[in-house]
Amino acid sequence: MTAPGSTLRIGVFDSGVGGLTVLRALRARLPHAHYLYLGDTARLPYGSKSQATIARYAVESVRFLLEQGAEYLVIACNTASALALPEIRAASPVPVLGVIETGADAALAASRSGDVSILATAATVASLAYSAACAERGLRASEMACPLLVPLVEEGWVAHPVTRDVLRIYLAQSTAAARGDALHPDALVLGCTHYPLLRSEIEALVPRGMAVIDSAAVTAEAVTRALGLVADREPVSTGTLAKPPIRFFATDGAERFKALGSRFLDEPIEAVTLIDLGG
Ligand code: DGL
(Lines give C-alpha, C1' and ligand atoms only; values in the text may rest on other atoms or scores of the structure.)
Protein backbone atom coordinates (compact mmCIF):
# COMPACT_ATOMS: atom_id res chain seq x y z
CA MET A 1 0.00 0.00 0.00
CA THR A 2 1.22 3.50 -0.79
CA ALA A 3 0.58 6.25 1.72
CA PRO A 4 -1.06 9.35 0.25
CA GLY A 5 1.62 11.95 -0.24
CA SER A 6 4.41 9.40 -0.02
CA THR A 7 5.96 10.65 -3.25
CA LEU A 8 5.98 14.29 -2.17
CA ARG A 9 9.48 15.73 -1.78
CA ILE A 10 9.83 18.48 0.82
CA GLY A 11 13.10 20.42 0.91
CA VAL A 12 14.05 21.89 4.28
CA PHE A 13 16.79 24.49 4.40
CA ASP A 14 18.76 25.96 7.28
CA SER A 15 22.14 27.57 7.72
CA GLY A 16 23.13 24.56 9.85
CA VAL A 17 21.65 21.81 11.97
CA GLY A 18 19.17 23.99 13.89
CA GLY A 19 16.46 23.55 11.24
CA LEU A 20 16.31 19.89 12.19
CA THR A 21 13.96 21.00 14.99
CA VAL A 22 11.54 22.02 12.23
CA LEU A 23 12.17 18.79 10.30
CA ARG A 24 11.44 16.83 13.47
CA ALA A 25 8.06 18.56 13.79
CA LEU A 26 7.33 18.07 10.09
CA ARG A 27 8.13 14.40 10.19
CA ALA A 28 5.94 13.92 13.24
CA ARG A 29 3.06 15.40 11.25
CA LEU A 30 3.82 14.19 7.73
CA PRO A 31 5.85 11.03 8.25
CA HIS A 32 5.51 9.66 4.73
CA ALA A 33 6.79 12.59 2.75
CA HIS A 34 10.33 12.38 1.35
CA TYR A 35 12.52 14.95 3.07
CA LEU A 36 15.67 16.56 1.74
CA TYR A 37 17.52 18.62 4.32
CA LEU A 38 20.35 21.01 3.54
CA GLY A 39 22.44 22.69 6.23
CA ASP A 40 24.84 25.30 4.87
CA THR A 41 27.30 24.46 7.63
CA ALA A 42 30.36 25.80 5.79
CA ARG A 43 28.91 29.33 5.79
CA LEU A 44 27.09 29.37 9.14
CA PRO A 45 26.36 31.55 11.07
CA TYR A 46 24.01 33.56 8.88
CA GLY A 47 22.86 35.58 11.89
CA SER A 48 25.87 37.91 11.85
CA LYS A 49 25.99 38.47 8.06
CA SER A 50 24.63 41.14 5.74
CA GLN A 51 21.32 40.88 3.87
CA ALA A 52 23.05 40.56 0.48
CA THR A 53 25.25 37.70 1.66
CA ILE A 54 22.39 35.88 3.41
CA ALA A 55 20.24 36.18 0.28
CA ARG A 56 23.03 34.87 -1.98
CA TYR A 57 23.77 31.91 0.30
CA ALA A 58 20.09 31.09 0.74
CA VAL A 59 19.30 31.23 -2.99
CA GLU A 60 22.27 28.99 -3.83
CA SER A 61 21.10 26.55 -1.17
CA VAL A 62 17.49 26.34 -2.29
CA ARG A 63 18.59 25.96 -5.93
CA PHE A 64 20.43 22.85 -4.83
CA LEU A 65 17.32 21.47 -3.12
CA LEU A 66 15.28 22.22 -6.26
CA GLU A 67 17.84 20.35 -8.39
CA GLN A 68 17.36 17.40 -6.06
CA GLY A 69 13.67 17.45 -6.86
CA ALA A 70 12.15 19.40 -3.96
CA GLU A 71 8.49 20.16 -4.70
CA TYR A 72 7.91 22.33 -1.65
CA LEU A 73 10.44 24.36 0.30
CA VAL A 74 10.48 25.10 4.01
CA ILE A 75 12.95 27.79 5.05
CA ALA A 76 13.55 26.66 8.60
CA CYS A 77 16.23 29.31 9.18
CA ASN A 78 14.73 32.38 10.84
CA THR A 79 17.54 34.59 9.56
CA ALA A 80 17.10 33.50 5.93
CA SER A 81 13.30 33.76 6.29
CA ALA A 82 13.64 37.27 7.73
CA LEU A 83 16.12 38.61 5.19
CA ALA A 84 15.87 36.60 2.00
CA LEU A 85 12.34 35.30 1.47
CA PRO A 86 11.58 37.51 -1.57
CA GLU A 87 14.84 36.44 -3.26
CA ILE A 88 14.20 32.78 -2.45
CA ARG A 89 10.64 32.96 -3.77
CA ALA A 90 11.83 34.68 -6.95
CA ALA A 91 14.29 31.82 -7.52
CA SER A 92 11.83 29.03 -6.81
CA PRO A 93 9.17 27.61 -9.12
CA VAL A 94 7.70 25.69 -6.15
CA PRO A 95 5.96 27.12 -3.07
CA VAL A 96 8.16 28.42 -0.25
CA LEU A 97 7.22 28.72 3.42
CA GLY A 98 9.29 30.78 5.87
CA VAL A 99 9.16 30.59 9.65
CA ILE A 100 8.61 34.26 10.52
CA GLU A 101 4.95 34.26 9.52
CA THR A 102 4.27 31.02 11.34
CA GLY A 103 6.03 32.32 14.47
CA ALA A 104 3.90 35.46 14.37
CA ASP A 105 0.76 33.32 13.94
CA ALA A 106 1.74 31.33 17.01
CA ALA A 107 2.35 34.56 18.95
CA LEU A 108 -1.10 35.79 17.98
CA ALA A 109 -2.67 32.57 19.23
CA ALA A 110 -0.75 32.69 22.53
CA SER A 111 -0.84 36.35 23.57
CA ARG A 112 -3.73 37.92 25.46
CA SER A 113 -2.04 41.27 26.04
CA GLY A 114 -1.24 41.72 22.35
CA ASP A 115 2.42 42.33 23.23
CA VAL A 116 5.15 39.81 22.48
CA SER A 117 8.89 39.51 22.96
CA ILE A 118 11.11 38.02 20.28
CA LEU A 119 14.55 36.48 20.80
CA ALA A 120 16.53 36.05 17.56
CA THR A 121 19.88 36.48 15.83
CA ALA A 122 21.32 39.97 15.31
CA ALA A 123 20.48 39.93 11.59
CA THR A 124 16.88 38.81 12.19
CA VAL A 125 16.37 41.52 14.82
CA ALA A 126 17.94 44.20 12.60
CA SER A 127 15.55 43.24 9.77
CA LEU A 128 12.51 43.89 12.03
CA ALA A 129 10.77 41.10 10.09
CA TYR A 130 9.12 39.74 13.25
CA SER A 131 7.92 43.20 14.26
CA ALA A 132 6.40 43.68 10.81
CA ALA A 133 4.73 40.24 10.82
CA CYS A 134 3.40 40.87 14.35
CA ALA A 135 2.12 44.34 13.40
CA GLU A 136 0.21 42.79 10.47
CA ARG A 137 -1.58 40.66 13.07
CA GLY A 138 -2.28 43.56 15.42
CA LEU A 139 0.50 42.61 17.86
CA ARG A 140 3.26 44.82 19.24
CA ALA A 141 6.70 43.24 19.40
CA SER A 142 9.93 43.92 21.21
CA GLU A 143 12.96 42.18 19.68
CA MET A 144 16.23 41.21 21.38
CA ALA A 145 19.36 39.91 19.64
CA CYS A 146 20.99 36.98 21.46
CA PRO A 147 24.18 36.32 19.47
CA LEU A 148 25.82 34.09 22.09
CA LEU A 149 23.08 31.47 22.13
CA VAL A 150 23.83 29.79 18.77
CA PRO A 151 27.48 29.03 19.63
CA LEU A 152 26.51 27.83 23.12
CA VAL A 153 23.93 25.40 21.72
CA GLU A 154 26.34 24.27 18.99
CA GLU A 155 28.85 23.57 21.75
CA GLY A 156 26.28 21.38 23.48
CA TRP A 157 26.12 23.74 26.47
CA VAL A 158 22.38 23.47 26.93
CA ALA A 159 21.81 22.68 30.60
CA HIS A 160 24.98 24.55 31.52
CA PRO A 161 25.52 27.25 34.16
CA VAL A 162 27.19 29.61 31.68
CA THR A 163 24.25 29.32 29.29
CA ARG A 164 21.83 29.89 32.17
CA ASP A 165 23.70 33.08 33.12
CA VAL A 166 23.72 34.27 29.50
CA LEU A 167 19.99 33.56 29.23
CA ARG A 168 19.32 35.47 32.46
CA ILE A 169 21.12 38.50 31.02
CA TYR A 170 19.35 38.36 27.65
CA LEU A 171 15.95 37.88 29.27
CA ALA A 172 16.57 40.81 31.62
CA GLN A 173 17.57 42.96 28.62
CA SER A 174 14.50 41.81 26.72
CA THR A 175 12.24 42.71 29.67
CA ALA A 176 13.90 46.13 30.02
CA ALA A 177 13.53 46.81 26.28
CA ALA A 178 9.84 45.86 26.37
CA ARG A 179 9.28 48.10 29.40
CA GLY A 180 11.07 50.93 27.61
CA ASP A 181 8.52 50.60 24.80
CA ALA A 182 5.66 50.40 27.35
CA LEU A 183 4.89 46.83 26.28
CA HIS A 184 3.58 44.08 28.57
CA PRO A 185 4.57 40.88 26.75
CA ASP A 186 2.93 37.62 27.77
CA ALA A 187 4.45 35.55 24.96
CA LEU A 188 8.09 34.99 24.03
CA VAL A 189 8.92 33.79 20.51
CA LEU A 190 12.03 31.65 20.11
CA GLY A 191 12.94 33.26 16.79
CA CYS A 192 15.97 31.15 15.93
CA THR A 193 16.33 27.49 15.03
CA HIS A 194 18.67 26.81 17.94
CA TYR A 195 16.59 28.24 20.76
CA PRO A 196 14.03 25.40 21.00
CA LEU A 197 16.83 23.31 22.47
CA LEU A 198 16.99 25.83 25.33
CA ARG A 199 13.24 25.86 25.80
CA SER A 200 13.10 24.24 29.22
CA GLU A 201 15.94 26.47 30.47
CA ILE A 202 14.10 29.54 29.18
CA GLU A 203 10.77 28.41 30.61
CA ALA A 204 12.41 28.10 34.01
CA LEU A 205 13.58 31.73 33.84
CA VAL A 206 10.59 33.61 32.42
CA PRO A 207 7.77 34.96 34.62
CA ARG A 208 4.79 32.70 35.30
CA GLY A 209 2.15 32.99 32.63
CA MET A 210 4.63 33.88 29.85
CA ALA A 211 3.99 31.54 26.89
CA VAL A 212 7.23 30.34 25.29
CA ILE A 213 6.70 29.81 21.57
CA ASP A 214 8.65 27.42 19.42
CA SER A 215 7.38 27.88 15.88
CA ALA A 216 8.48 24.41 14.67
CA ALA A 217 5.15 22.75 15.41
CA VAL A 218 3.19 25.70 13.98
CA THR A 219 5.34 25.57 10.85
CA ALA A 220 4.59 21.88 10.42
CA GLU A 221 0.87 22.64 10.69
CA ALA A 222 1.18 25.43 8.13
CA VAL A 223 2.97 23.10 5.70
CA THR A 224 0.23 20.51 6.09
CA ARG A 225 -2.45 23.09 5.38
CA ALA A 226 -0.57 24.60 2.45
CA LEU A 227 0.03 21.23 0.84
CA GLY A 228 -3.68 20.75 0.56
CA LEU A 229 -3.55 23.66 -1.89
CA VAL A 230 -0.39 22.64 -3.70
CA ALA A 231 -1.48 19.29 -5.02
CA ASP A 232 -4.14 16.68 -4.65
CA ARG A 233 -1.63 14.35 -3.00
CA GLU A 234 -2.76 14.99 0.52
CA PRO A 235 -0.08 13.69 2.89
CA VAL A 236 -1.60 11.92 5.87
CA SER A 237 -0.16 9.78 8.57
CA THR A 238 -0.98 6.14 8.05
CA GLY A 239 0.97 5.06 11.11
CA THR A 240 1.94 1.55 10.06
CA LEU A 241 3.98 2.32 6.92
CA ALA A 242 7.75 2.77 7.04
CA LYS A 243 9.00 6.36 6.94
CA PRO A 244 11.12 7.09 3.86
CA PRO A 245 14.73 7.84 4.81
CA ILE A 246 15.68 11.52 5.04
CA ARG A 247 18.42 12.68 2.67
CA PHE A 248 20.81 14.98 4.51
CA PHE A 249 23.17 17.39 2.77
CA ALA A 250 25.70 19.74 4.34
CA THR A 251 28.39 22.03 3.01
CA ASP A 252 30.96 21.11 5.65
CA GLY A 253 31.64 18.84 8.61
CA ALA A 254 29.64 15.67 7.96
CA GLU A 255 30.72 14.05 11.23
CA ARG A 256 29.85 17.12 13.30
CA PHE A 257 26.53 17.36 11.45
CA LYS A 258 25.71 13.77 12.36
CA ALA A 259 26.68 14.17 16.03
CA LEU A 260 25.02 17.53 16.62
CA GLY A 261 22.14 16.97 14.22
CA SER A 262 21.06 13.78 15.96
CA ARG A 263 20.37 15.88 19.07
CA PHE A 264 18.29 18.42 17.15
CA LEU A 265 16.39 15.74 15.21
CA ASP A 266 16.11 13.47 18.23
CA GLU A 267 17.06 10.43 16.15
CA PRO A 268 20.36 9.13 14.81
CA ILE A 269 21.64 10.54 11.54
CA GLU A 270 23.60 7.83 9.74
CA ALA A 271 24.66 9.48 6.47
CA VAL A 272 25.29 13.03 5.32
CA THR A 273 26.33 13.97 1.77
CA LEU A 274 28.80 16.82 1.56
CA ILE A 275 28.17 19.30 -1.25
CA ASP A 276 30.04 22.37 -2.47
CA LEU A 277 28.04 25.54 -3.05
CA GLY A 278 31.11 27.70 -3.60
CA GLY A 279 32.26 30.53 -1.35
N1 DGL B 1 19.51 29.20 11.61
C2 DGL B 1 19.73 30.51 12.16
C3 DGL B 1 18.38 31.13 12.53
O4 DGL B 1 17.40 30.45 12.72
C5 DGL B 1 20.64 30.47 13.37
C6 DGL B 1 22.07 30.09 13.04
C7 DGL B 1 22.77 31.12 12.18
O8 DGL B 1 22.99 32.27 12.64
O9 DGL B 1 23.11 30.77 11.05
O10 DGL B 1 18.30 32.33 12.66
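- Between atom CD1 of residue Ile202 and atom CG of residue Leu119 there is a gap of 6.0 Å, rounded to the nearest 0.5 Å.
- Asp186 pairs by the side chain to side chain donor-acceptor pair (under 3.5 Å) definition with Ser111, Ser113, not counting sequence neighbours.
- Results of the ring pair (Phe, Tyr, Trp, His ring centres under 6.0 Å) test with Phe249 over Phe13, Phe64, Tyr37, Tyr35 single out Phe64 as the only residue that passes.
- Proximity of a side-chain donor or acceptor of Thr41 to a complementary backbone N or O of Thr251 within less than 3.5 Å is detected.
- Between Glu270 and Phe248, every side-chain heavy-atom pair lies at or beyond the 4.5 Å cut-off.
- The backbone N or O of Leu148 sits less than 3.5 Å from a side-chain atom of Tyr170, completing a donor-acceptor pair.
- Ala250 and Val272 get closest at one heavy-atom pair: CB-CG1, 3.8 Å.
- Smallest separation of non-hydrogen atoms from Arg112 and Gly209: NH2-O, 4.1 Å.
- Between Leu30 and Leu227, some side-chain heavy-atom pair lies under the 4.5 Å cut-off.
- Heavy-atom minimum distance, Lys49 versus Leu44: NZ-C, 4.2 Å.
- Tested against Arg199, the residues Thr21, Val158, Asp214 include a single side-chain contact (heavy atoms from CB on, under 4.5 Å) partner, Asp214.
- Contact annotation: the side chain of Val99 never approaches that of Ile75 to less than 4.5 Å [non-hydrogen atoms, C-beta and beyond].
- Using cut-offs of 30° and 60° on the angle between ring planes, the pair Tyr46 and Tyr57 is tilted.
- Side-chain contact between Arg43 and Ser61: present, with at least one pair of heavy atoms (C-beta onward) separated by less than 4.5 Å.
- Formation of a donor-acceptor pair under 3.5 Å by the Arg24 side chain with backbone atoms of Phe264 is found in this model.
- Looking at Thr163, its side chain never comes within 3.5 Å of a backbone N or O of Ala159 through a donor-acceptor pair.
- For the pair Ile10/Leu23, no side-chain contact is recorded, criterion being any heavy-atom separation below 4.5 Å from C-beta on.
- Between Glu201 and Arg164, the shortest heavy-atom contact is OE1-NE, 2.8 Å.
- You'll find the side chain of Leu188 reaches within 4.5 Å of the side chain of Leu171, heavy atoms only.
- The shortest heavy-atom contact between Ala187 and Ile213 is CB-CD1, 3.9 Å.
- No salt bridge links Glu67 with Arg63; every basic N to acidic carboxylate O contact stays at or beyond 4.0 Å.
- Arg263 places no side-chain N or O within donor-acceptor distance of the main-chain N or O of Ala259, the cut-off being under 3.5 Å.
- In this structure, Asp252 contributes its side chain and Ala42 its backbone to no donor-acceptor pair below 3.5 Å.
- Annotation: side chain of Phe257 is in contact with side chain of Leu20 (closest heavy-atom distance under 4.5 Å).
- The closest side-chain heavy-atom distance from Cys192 to Thr124 is not below 4.5 Å.
- Residues Glu143 and Ser131 have side chains that bring a donor and an acceptor to within less than 3.5 angstrom of each other.
- Of all heavy-atom pairs spanning Ile100 and Ser81, the tightest one is CG1-CB, 3.7 Å.
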